[in-house]
Undergrad: 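Right, I'll just put the structure down here and ask away after.
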Amino acid sequence: MSNKKVRVRFAPSPTGPLHIGGVRTALYNYLFAKHHGGDFLLRIEDTDQKRFVEGAEEYIIESLKWLGIEPNEGQGYGGNKGPYKQSERMGMYRQYADQLIESGHGYYAFDTSEELVDIREKANKAGVSSWKYNHITRNSMKNSLTLPKDEVEKRLQNGDPYVIRIKLPREEDVRVNDTIRGWVVVNTKQMDDKVLVKNDGLPTYHLANIVDDHLMGITHVIRGEEWLPSAPLHVLLYRYLGWEAPEFAHLSLILKPTGKGKLSKRDGDKGGFPVFPINYTVPDSGDILAGYREAGYFPEAVVNLLAFLGWNPGTTQEIFSLGELINSFDLDRVGKSGAKFDPDKAKWYNQQYLRMKSNDFLADQFAEVLRTKGIDVDRSTLVKSVGLLKERAVFVEDMMEGLYLFEKPTSYDEKTVKKKWKDQTPGIMKDLGDKIMDSEPFVASNIELIFKSYLTDNELGMGAVMPNLRLLLTGKGMGPSLFEIIEILGKKEMTTRIEEGIKRITNG
RNA sequence: GGCCCCUUCGUCUAGAGGUUAGGACACCGGGUUUUCAUCCCGGCAACAGGAGUUCGAUUCUCCUAGGGGUCACCA
């Protein structure tokens with residue numbers, strides 16, 4: 001590693017929503033950059049206009065923003081190495097392709113897509129599984145290596161469509177030093193003469209990414225494993241262009257929770273967990289792909305769980321703030337093998353973060369949820385309630401279970417009624433209610449005292465009284481401390497609920 | 001199929017020649033609790049297989065198997 005300032009990039013193509021594998025790649029880039037005091041840039045790779053999807057770029061930026069892993073340079077963030085969108089850099093690539101042709105490392109090819117499809121089909125029928133445009137086959141194709149020079153000139157001048165391909169050596173081991181995997185060696189005889197410039201004059205990913213990374217001063221390329229097979233090609237491109245290559249680190253993929261294969265968007269609805277950072281509305285169908293944000297996850301939890309999918313600090317600490325991650329993260333503790341996504345662990349992370357949140361913060365969030373259901377609760381009640389409810393929730397929305405703190409029960413748990421409700425219960429409840437009314441101050445600890453002395457005085461057991469009182473007050477057979485609930489409800493509400501409840505249960 | 005990558009409990013992983021192979025999630029017990037949840041305590045459970053190298057391999061090498069990725073004028 002040189003002493004140059006670290007500069008890494010996240011370079012998604014705006015073809016749709018960013019899936020969490022991509023988010024993790026962005027996160028690792030971000031953490032690596034921050035850990036080394038470097039730059040994290042965002043570059044949009046939209047050289048293929050056919051695949052452009054409206055809104056995808058905005059989606060990417062909003063996702064990173066929500067997660068708090070924003071670039072400090074790049075598309076939407078400014079910087080002096082722009083533009084950061086490849087479609088706005090179109091004039092910058094051709095000269096390098098020309099340079100390659102001049103140095104003998106590239107050539108024009110006039111074969112049409114149809115011809116190539118055709119030849120591949122024929123090869124397939126003949127038993128060749130993957131036909132390559134390579135050092136052997138290029139000799140029988142229409143290109144500037146086989147065609148007479150004046151013919152090539154003529155075609156070029158006529159404006160005949162052509163592509164520019166890289167000319168690979170016949171047989172040469174290309175070595176890629178991957179930071180995570182070590183040396184990866186591929187022989188050029190296994191590779192093909194990839195297209196660098198398409199017939200529409202635009203560069204392919206291979207050319208554009210090398211040129212951009214070089215021009216933008218990228219020092220480390222941290223990307224998904226799906227790029228590993230083409231890494232040797234990129235190494236060659238740097239060499240032929242006379243540039244120093246950045247260091248490469250290929251991240252293993254995130255796999256499906258069950259079964260095999262990499263995580264795809266369909267796994268989400270099957271497994272009941274989001275695969276995307278935030279909701280995404282598919283432009284054509286209007287379908288919504290679920291996101292972590294809308295599912296109720298905290299961004300810190302998502303960052304934390306994603307960081308641990310392939311990386312670990314070597315200690316037993318599992319809860320890391322973003323700052324702690326920046327501090328601890330480095331590529332040498334990133335694993336080589338693919339990790340199956342574990343929805344249970346994801347929930348666990350959220351639960352951990354929910355517990356750490358202040359009641360004040362949770363009250364804000366919960367108020368939001370309540371508002372969407374048309375419920376308005378005063379602040380102090382809300383804060384108290386949240387303190388009571390948070391221990392039993394994974395998501396803020398789970399606290400809706402405690403709706404009875406704000407609204408009278410609409411029904412009474414049948415199982416509890418059947419099991420606990422006896423003929424003498426109404427009398428006991430009324431009596432008990434009256435006693436509790438005398439509690440001064442009207443707080444949980446005091447209510448508990450009175451409640452217990454009532455039991456002793458009347459020689460009653462907890463099990464015979466408590467569930468019934470809970471039933472009257474909340475309609476449920478279980479829940480958090482009843483004394484706390486009573487405190488929150490207040491005297492008046494408690495009394496009316498006891499009265500109404502007795503009526504409804506006895507008549508129902 | 002060719003090429004490349006990977007392989008420790010069900011899952012995420014620690015381990016970098018000698019460990020009772022550790023932690024977390026999940027699961028199962030026990031305790032606390034009016035109850036549920038929390039919490040505490042405990043349990044279950046792994047080095048894919050085979051050859052080497054070595055006094056000794058989870059750890060190093062090779063092979064096999066399995067898994068994954070990639071083979072476009074897409075990224």
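Naming: A, B, ... by sequence-line order, numbering from 1 per chain.
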Undergrad: For B/C5, does either OP1 or OP2 sit under 4.0 Å from a side-chain N or O belonging to A/K262?
TA: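 Answer is no, no contact under 4.0 Å.
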Undergrad: With a 4.0 Å cutoff (strictly under), does any side-chain N or O of A/K194 reach OP1 or OP2 of B/A75?
TA: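 Result: no.
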Undergrad: With a 4.0 Å cut-off on N to O distance, would you call A/K452 and A/E448 a salt bridge?
TA: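 Counted as a salt bridge, because a side-chain N and a carboxylate O are separated by less than 4.0 Å.
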Undergrad: Checking contacts here: which listed nucleotide (B/A75, B/C73, B/C5) is nearest the side-chain heavy atoms of A/E225?
TA: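 Within the option list, the nearest is B/C5.
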Undergrad: How far, in whole Å, is B/C39 from B/A26 if one measures between their P atoms?
TA: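 10 Å, rounded to whole Å.
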Undergrad: Mind listing the residues from residues 162-174 of chain A sitting with a heavy atom below 4.0 Å of RNA chain B? Number order is fine.
TA: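 By residue number: A/V163, A/R165.
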Undergrad: Within 45° of the six-membered ring axis of A/F451 and under 6.0 Å from that ring's centre, is NZ or CZ of A/K435 located there?
TA: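 No, A/K435 does not sit over the ring of A/F451.
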Undergrad: Identify the residue among A/Y292, A/W348, A/F273, A/Y353 that makes a ring pair (Phe, Tyr, Trp, His ring centres under 6.0 Å) with A/Y297.
TA: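 The single option meeting the ring pair (Phe, Tyr, Trp, His ring centres under 6.0 Å) with A/Y297 is A/Y292.
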Undergrad: For the side chain of A/K336, starting at C-beta, report the closest nucleotide among B/G68, B/C6, B/C12.
TA: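 Of the candidates, B/C6 comes closest.
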Undergrad: Given atom CG of A/D332 and atom P of B/A14, what is their separation to the nearest angstrom?
TA: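 Whole-Å distance recorded here is 12 Å.
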Undergrad: Does B/U13 have its OP1 or OP2 closer than 4.0 Å to a side-chain nitrogen or oxygen of A/N312?
TA: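 It does not, given that no N or O in the side chain of A/N312 lies less than 4.0 Å from OP1 or OP2 of B/U13.
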Undergrad: If you look at every strand shown and take non-hydrogen atoms under 4.0 Å, does A/L196 touch a base, only sugar-phosphate, or nothing?
TA: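 Touches nothing.
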Undergrad: Just compare B/C25, B/U70, B/G15 and give me whichever is closest to any side-chain atom of A/D344.
TA: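 Nearest nucleotide to the side chain: B/C25.
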Undergrad: When the aromatic ring centroids of A/W311 and A/F329 are compared, is their separation below 6.0 Å?
TA: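 Yes, the ring centres sit under 6.0 Å apart.
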Undergrad: Using a cut-off of less than 4.0 Å, is there contact between a side-chain N or O of A/R120 and OP1 or OP2 of B/C71?
TA: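 The answer is no; no side-chain N or O of A/R120 sits under 4.0 Å from OP1 or OP2.
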Undergrad: Give me the distance, rounded to whole Å, that separates B/U53 from B/U59 when you measure between the P atoms they each carry.
TA: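 Taking atom P in both B/U53 and B/U59, they lie 15 Å apart.
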Undergrad: Could you tell me whether the phosphate oxygens of B/U35, OP1 or OP2, come under 4.0 Å of any side-chain nitrogen or oxygen in A/K415?
TA: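 For B/U35, neither OP1 nor OP2 has a side-chain N or O of A/K415 closer than 4.0 Å.
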Undergrad: According to the interplanar angle, ranging from 0 to 90°, do the rings of A/W131 and A/Y133 count as parallel (below 30°), tilted (30 to 60°) or perpendicular (above 60°)?
TA: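 Answer is perpendicular, since the angle exceeds 60°.
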Undergrad: Could you go through the side-chain contact (heavy atoms from CB on, under 4.5 Å) check for A/L156 and A/Y162 one step at a time?
TA: CA-CA 8 Å; A/L156 255 26; A/Y162 66 88; 3.9 Å; yes
Undergrad: In whole Å, what is the span from the CD atom of A/E318 to the P atom of B/A14?
TA: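 Rounded to whole Å, this separation is 12 Å.
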Undergrad: Of A/G479 and A/R355, whose closest RNA chain B nucleotide lies nearer the 5' terminus?
TA: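 First, find each residue's nearest nucleotide; the 5'-ward one identifies A/G479.
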Undergrad: When rounded to the nearest Å, what value does the distance between C1' atoms of B/A48 and B/U33 take?
TA: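 Nearest-Å result for B/A48 against B/U33 at atom C1': 45 Å.
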Undergrad: Say you pick atom C1' in B/G1 and the same atom in B/C60; how far apart are they, in whole Å?
TA: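 So the two C1' atoms sit 32 Å from each other.
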Undergrad: Quick one: which of B/C5, B/A75, B/U34 gets closest to the side chain of A/P467?
TA: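 Between B/C5, B/A75, B/U34, the one nearest the side chain of A/P467 would be B/U34.
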Undergrad: Would A/R155 and A/F110 count as a cation-pi pair here, with the cationic atom under 6.0 angstrom from the ring centre and within 45° of the axis?
TA: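 Yes - A/R155 lies over the ring of A/F110, closer than 6.0 Å to its centre and within 45° of its axis.
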Undergrad: Distance check needed: B/A26 P versus A/L305 CG, whole Å only.
TA: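 A/L305 atom CG is separated from B/A26 atom P by 14 Å.
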Undergrad: Just call it for A/M462: base, sugar-phosphate, or nothing, with non-hydrogen atoms closer than 4.0 Å on any strand.
TA: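 Result for A/M462 = sugar-phosphate.
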Undergrad: Between A/R181 and A/E225, is the closest basic N to carboxylate O distance under 4.0 Å?
TA: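 Yes, charged N to carboxylate O under 4.0 Å.
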Undergrad: Could you check whether A/R170 pairs with A/E172 (Lys NZ or Arg NE/NH1/NH2 to Asp/Glu carboxylate O, under 4.0 Å)?
TA: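 Answer for the salt bridge query: no.
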Undergrad: With a 4.0 Å cut-off, would you call A/K167 and A/D193 a salt bridge?
TA: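 Looking at A/K167 and A/D193, the cut-off is not met.
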Undergrad: In whole Å, measure the gap between the P atoms of B/U13 and B/G18 for me.
TA: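 Taking atom P in both B/U13 and B/G18, they lie 23 Å apart.
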Undergrad: Considering only the C1' atoms, how many Å lie between B/A14 and B/C73, rounded to the nearest integer?
TA: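 It comes out at 47 Å once rounded to the nearest Å.
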Undergrad: Quick one: A/L251 CG to B/C6 C1', roughly how many Å, whole number?
TA: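 It works out to 14 Å between those atoms.
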Undergrad: Select base, sugar-phosphate, or nothing to describe what A/T112 touches, counting heavy atoms under 4.0 Å on all strands.
TA: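 Answer is base: heavy atoms of A/T112 come under 4.0 Å of a base.
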Undergrad: Should the side chain of A/K345 and the base of B/A26 be counted as holding a donor-acceptor pair, with the cut-off at 3.5 Å?
TA: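 Under the 3.5 Å cut-off, the side chain and the base do not form any donor-acceptor pair.
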Undergrad: When the distance from CG of A/N209 to C1' of B/C74 is rounded to whole Å, what number comes out?
TA: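 Atom CG in A/N209 sits about 13 Å away from atom C1' in B/C74.
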Undergrad: Would you mind reading off the distance between A/W131 atom CH2 and B/C73 atom P, rounded to a whole angstrom?
TA: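 So the CH2-P distance, A/W131 to B/C73, works out to 9 Å.
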Undergrad: Find which nucleotide of RNA chain B each of A/V186 and A/H206 is nearest to by heavy atoms, and output the residue with the more 5' nucleotide.
TA: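 Per heavy-atom nearest nucleotide, the more 5' residue is A/V186.
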Undergrad: Taking the same atom, P, in B/C27 and in B/G69, what whole-Å distance lies between them?
TA: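 The same atom, P, in both gives a distance of 29 Å.
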Undergrad: Tell me whether A/D48 is salt-bridged to A/R51, with the criterion being a basic N under 4.0 Å from an acidic carboxylate O.
TA: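 Counted as a salt bridge, because a side-chain N and a carboxylate O are separated by less than 4.0 Å.
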Undergrad: Given B/G69, B/C73, B/C71, which nucleotide is nearest the side-chain atoms of A/K132?
TA: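 My answer, after comparing the listed nucleotides, is B/C71.
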Undergrad: Assess the pair A/F308 and A/F320: is the distance between their ring centroids shorter than 6.0 Å?
TA: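 Ring centres of A/F320 and A/F308 closer than 6.0 Å.
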Undergrad: Please list, chain by chain and in numerical order, all residues satisfying ring-ring contact (aromatic ring centres under 6.0 Å, His included) with A/W227, sequence neighbours excluded.
TA: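 ring-ring contact (aromatic ring centres under 6.0 Å, His included) list for A/W227, sorted by chain: A/Y205.
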Undergrad: Going by number, which of residues 46-57 of chain A have a non-hydrogen atom under 4.0 Å from RNA chain B?
TA: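 Heavy-atom cutoff 4.0 Å gives A/T47, A/D48, A/R51.
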Undergrad: In terms of side-chain heavy atoms of A/D342, which of B/A75, B/C25, B/U7 is nearest?
TA: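 Looking only at heavy atoms from C-beta outward on A/D342, the closest nucleotide is B/C25.
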Undergrad: Check every atom of B/U34, B/G1, B/C73 against the side chain of A/L482 and return the nucleotide holding the closest atom.
TA: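 For A/L482, the side-chain atoms sit closest to B/U34.
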Undergrad: What interatomic distance, in whole Å, is found between P of B/C44 and the corresponding atom of B/G22?
TA: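 Those two atoms are separated by 11 Å.
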Undergrad: Give the nucleotide from the list B/C25, B/C71, B/C4 with an atom nearest to the side chain of A/W348.
TA: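 So the side chain of A/W348 is nearest to B/C25.
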Undergrad: For the pair made of CG in A/N187 and P in B/U70, what is the distance, rounded to whole Å?
TA: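 Between P of B/U70 and CG of A/N187: 22 Å.
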Undergrad: Under a 3.5 Å cut-off for both contacts, is B/G10 paired Watson-Crick or G-U wobble with anything, and if yes, with which nucleotide?
TA: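 B/G10 is paired, partner B/C25.
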Undergrad: Respond yes when some side-chain nitrogen or oxygen of A/R181 is under 4.0 Å from OP1 or OP2 of B/U7, and no when none is.
TA: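 No, outside the criterion.
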Undergrad: How long is the line joining CG of A/L202 and P of B/C74, in whole Å?
TA: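 A/L202 atom CG is separated from B/C74 atom P by 9 Å.
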